[in-house]
Amino acid sequence: MYTLEKCRLVDLPKITDPRGNLTFIEGSNHIPFEIKRIYYTYDVPGGSDRGAHAHKKMHSLMIAMSGSFDVVLDDGITKKRFHLNRSYFGLYICPMMWRYLDNFSSGSVCLVLASSLYDAEDYYRDYEAFLNDARKTRK
Ligand code: TYD
């Protein structure tokens, strides 16, 4: 069962160096899935919201590569707000988790590592439909 407790901030490896720090991520080693796709949002105007959907099967890791933003996760019963502002912390998001992003700082870049290729069928874009299915799995 996918609940909010499964989602967590992952402290990624960080090689500190006076020439600039380095962080790396290996699928199935630092995160609990193999990486099939990477996407990122950028040039996000201040005050805008993104996300507002859930995935049926996809796992993801979200990182603020630059700047900061908030991610609100909701498993249908409990909600939690995370503030992402470091490129060496990733937020692991399991399937069946409604998410929306807000509070973007200017120049922020949100990188997402995903466990599957893009598939419109894997999305819940309707909150009521998501709630219905999420709560069904708790019974
Ligand atoms: P969407 O997932 O709604 O973005 P966000 O959750 O950040 O608001 O995606 C926006 C559009 O981009 C939508 O038409 C689907 C398309 N898209 C792809 O074609 N491939 C992808 O890998 C992603 C993430 C989105």
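These numbers come from the heavy atoms of this one structure, side chains and all, not from hydrogens, waters or symmetry mates. Atoms within each ligand, like the ligands themselves, are counted from 1 in listed order.
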field: ligand 1 to Tyr118 polar contact by distance, N or O atoms, under 3.5 Å
entry: no

task: Indicate the atoms forming the closest heavy-atom contact of Ser60 with Arg99, along with that distance.
output: OG-NH1, 4.1 Å

message: Please report whether ligand 1 has a polar contact with Thr41, defined as an N or O pair separated by less than 3.5 Å (distance criterion only).
response: no

Is_contact(atom 14 (O) of ligand 1), protein non-hydrogen, under 4.0 Å: no

- prompt: If you round to the nearest 0.5 Å, how far is CZ of Phe82 from CG of Asp70?
  reply: 11.0 Å

message: Please evaluate residues Leu61 and Tyr92 with respect to the criterion side-chain contact (heavy atoms from CB on, under 4.5 Å), reporting the C-alpha separation (whole Å), side-chain torsions for both, the decisive distance (0.1 Å), and the verdict.
response: CA-CA 4 Å; Leu61 186 87; Tyr92 165 66; 4.1 Å; yes

- prompt: How many angstroms lie between atom CG of Asp74 and atom CZ of Arg81, to the nearest 0.5 angstrom?
  reply: 12.0 Å

- request: Assess the pair His55 and Tyr123: is the distance between their ring centroids shorter than 6.0 Å?
  value: yes

Parallel, tilted or perpendicular, as decided by the 30° and 60° cut-offs, for the rings of His30 and Phe24: perpendicular

- prompt: Counting heavy atoms only, which part of Arg125 comes closer than 4.0 Å to ligand 1: side chain, backbone, both or neither?
  reply: side chain

field: Numbered atoms of ligand 1 (with element) below 4.0 Å of His53, judged on heavy atoms
entry: 2 (O), 6 (O)

- line: Looking only at protein heavy atoms, what sits closest to atom 4 (O) of ligand 1 is Arg50 NH2, 3.3 Å

query: Does any N/O atom on Tyr39 come nearer than 3.5 Å to any N/O atom on ligand 1?
result: no

statement: Value for OG (Ser87) from NZ (Lys14), rounded to nearest 0.5 Å, stands at 7.5 Å

field: Protein contact to atom 2 (O) of ligand 1 [nearest heavy atom, distance to 0.1 Å]
entry: Tyr123 OH, 3.0 Å

- request: Might you check, step by step, whether the distance between atom 24 (C) of ligand 1 and some protein heavy atom is under 4.0 Å?
  value: yes

statement: Ranked by distance from atom 22 (O) of ligand 1, the top protein heavy atom is Arg37 NH1, 2.4 Å

